[in-house]
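Okay, structure first, notes after.
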Amino acid sequence: MSRTPPEATDVLVVGGGIIGLVTAWRAAQRGLSVAVVDPEPGGGAAQVAAGMLAAVTELHYGEQTLLSLNVESARRYPQFAAELSEASGKDLGYRACGTLAVALDADDRAHLRELHALQRKSGLESEWLSGRDCRRLEPMLAPGVRGGLRVDGDHQIDPRRLADALVTACERAGVVFHRSRAERLSVVRDRARGVLLSGGDELAAGQTVLAAGSHSGRLAGVPDEVRPPVRPVKGQVLRLTVPPRYAPFLSRTVRAVVRGSHLYLVPRVSGELVVGATSEELGWDTTVTAGGVYELLRDAHELVPGITELPLTETCAGLRPGSPDNAPLLGPTALPGLLLATGHHRNGVLLTPVTGDAMAQVLTTGELPEEARPFTPGRFSGQGPGALSDVSMEQPA
Ligand code: GLY
């Protein structure tokens with residue numbers, strides 16, 4: 001039996017992770033009627049992510065275009081966090097604590113020196129410290145630390161709180177949630193018209209935004225030429241607890257590259273200490289493995305030996321939405337009525353404010369703001385400027 005589609009909303013967002021939610025919230029604030037479809041709004045990669053806002057310390061060679069977007073989003077974070085906190089009545093765990101990136105051996109130190117030079121060339125603020133100065137700042141660091149970069153502008157937020165606050169802010173702004181799975185994109189006369197849900201109901205919309213994180217390339221009915229080239233990149237993460245007698249264990253985010261892998265320790269005010277993350281190309285696998293946990297603890301112990309005294313309270317794994325050039329896909333596709341907000345890879349939490357603003361603008365005016373234009377989906381389908389030429393095609397370690 002065919003069912004009559006309900007009245008169309010202006011915007012239907014497929015995916016209720018932080019990127020879908022911020023898109024919905026900002027669009028609703030601009031007066032659009034908005035619905036979100038997701039079985040568990042507020043879930044997804046944000047439930048695993050550490051929440052570093054690390055525009056400067058996560059700079060990679062060849063990613064200057066992405067850097068501009070990252071820096072712009074970091075600049076907007078204090079205002080964004082205050083506004084979202086006010087709108088939701090919830091604390092986001094935003095902490096302007098800064099970051100210390102350290103080197104454990106001579107090779108790491110040389111690498112960090114190069115990163116420092118690149119940061120300065122890019123106009124970013126960071127300060128080189130000796131190993132002794134690093135340990136003065138963070139006494140729990142291993143005595144063997146050889147030097148480091150102090151970046152006072154790289155902060156953190158609690159992504160679980162961020163997701164929860166966005167759900168509440170959306171509800172308060174009138175966003176309608178369909179706690180269901182989108183099965184297929186509806187395309188009528190060469191235009192996206194909403195989605196068909198797993199239960200058989202149809203949701204009609206003037207504009208449909210595909211914001212389903214690593215799953216964004218899997219929705220049936222999306223024509224191949226506009227299907228986002230997004231793949232899952234697994235990250236395993238640990239959560240430990242700092243008992244009050246050890247506090248403050250670390251006073252800022254500490255990170256390093258250990259045996260070629262990025263390691264970071266993110267201390268929350270609550271006493272939670274997040275240790276991440278692996279980066280694995282294993283498809284849809286989200287198993288927490290003994291090897292993943294072992295490597296994270298082994299490397300974290302090298303960096304901060306006292307960590308093995310702390311209770312290990314949680315292990316989890318999530319999927320980053322990786323894109324071919326490590327940068328997000330934002331804005332309209334070649335299929336009228338279908339837009340993308342996906343592919344944020346390692347930077348979803350950081351890019352949440354700028355993504356919300358850019359998507360709300362394009363949904364209301366049809367035009368992306370200047371800062372988001374290099375990230376149009378057309379760069380992968382011959383309709384845009386092409387894959388970002390200065391973005392490394394290598395996968396981050
Ligand atoms: N941005 C941290 C990560 O993706 O692991």
Side-chain angles (χ1 to χ4, degrees), residues 17-19 44-61 63 66-67 69-71 73-74 77 93-95 97-102 115 149 151 153-160 162-163 213-214 230-240 252-268 272-282 285-286 288-289 292-293 295-297 299-300 303 314-328 342-355 391-392 394-397:
I18 51 174
I19 295 299
Q47 292 301 316
V48 176
M52 286 178 302
L53 307 175
V56 179
T57 40
E58 283 217 2
L59 174 62
H60 286 84
Y61 283 101
E63 293 190 351
L66 178 58
L67 171 69
L69 196 68
N70 287 347
V71 167
S73 206
Y77 238 106
Y94 178 72
R95 190 175 177 200
C97 59
T99 296
L100 184 64
V102 300
L115 178 64
L149 282 176
V151 180
D154 275 0
H155 304 315
Q156 60 152 304
I157 196 163
D158 184 336
R160 291 176 176 175
L162 171 66
S214 58
V230 171
R231 67 182 198 289
V233 182
K234 177 178 172 181
Q236 300 190 51
V237 168
L238 315 177
R239 283 175 162 79
L240 299 94
R252 73 203 69 225
T253 297
V254 170
R255 52 185 303 151
V257 179
V258 186
R259 281 177 277 273
S261 297
H262 289 272
L263 178 76
Y264 43 81
L265 284 73
V266 183
R268 306 236 194 274
E272 182 177 82
L273 179 66
V274 186
V275 179
T278 65
S279 188
E280 303 163 76
E281 302 270 355
L282 293 172
D285 174 46
T286 51
V288 176
T289 63
V293 174
E295 282 170 25
L296 288 170
L297 283 177
D299 296 349
L303 195 59
E314 189 183 334
T315 60
C316 52
L319 299 172
R320 305 174 184 89
S323 78
D325 58 13
N326 300 335
T342 188
H344 292 68
H345 200 195
R346 301 180 71 95
N347 296 306
V349 179
L350 172 61
L351 289 174
T352 295
V354 85
T355 298
V391 171
S392 160
E394 284 168 31
Q395 288 317 303

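Counting starts at 1 for both ligands and their atoms, in listed order.
Looking at ligand 1, you'll find an N or O of R346 within less than 3.5 Å of one of its N or O atoms. The distance criterion of under 3.5 Å between nitrogen or oxygen atoms is not met by N347 with respect to ligand 1.
Annotation: side chain of R259 is not in contact with side chain of E295 (no heavy-atom distance under 4.5 Å). Counting heavy atoms from C-beta on, the side chains of T286 and C316 never come closer than 4.5 Å. Looking at heavy atoms from C-beta onward, R252 lies out of side-chain contact with Q156 at the 4.5 angstrom threshold.
The only member of N347, V48, V233 that meets side chain to side chain contact (heavy atoms under 4.5 Å, CB included) when paired with R320 is V233.
Closest to atom 4 (O) of ligand 1 among all protein heavy atoms lies R320 NE, 2.7 Å.
At a heavy-atom cutoff of 4.0 Å, ligand 1 is contacted by no atom of H262, backbone or side chain.
With respect to E272 and R95, no salt bridge is recorded, no charged nitrogen being found less than 4.0 Å from a carboxylate O.
Every residue was checked against the side-chain contact (heavy atoms from CB on, under 4.5 Å) condition with A45, not counting sequence neighbours, and none meets it.
Residue-ligand proximity, A277 to ligand 1, at heavy-atom distances under 4.0 Å covers atoms 5 (O). Every atom of ligand 1 is numbered from 1 in the order shown, and the set under 4.0 Å from a heavy atom of E58 is 1 (N), 2 (C). Every atom of ligand 1 with a heavy atom of Y264 under 4.0 Å away is listed here by number and element: 2 (C), 3 (C), 5 (O).
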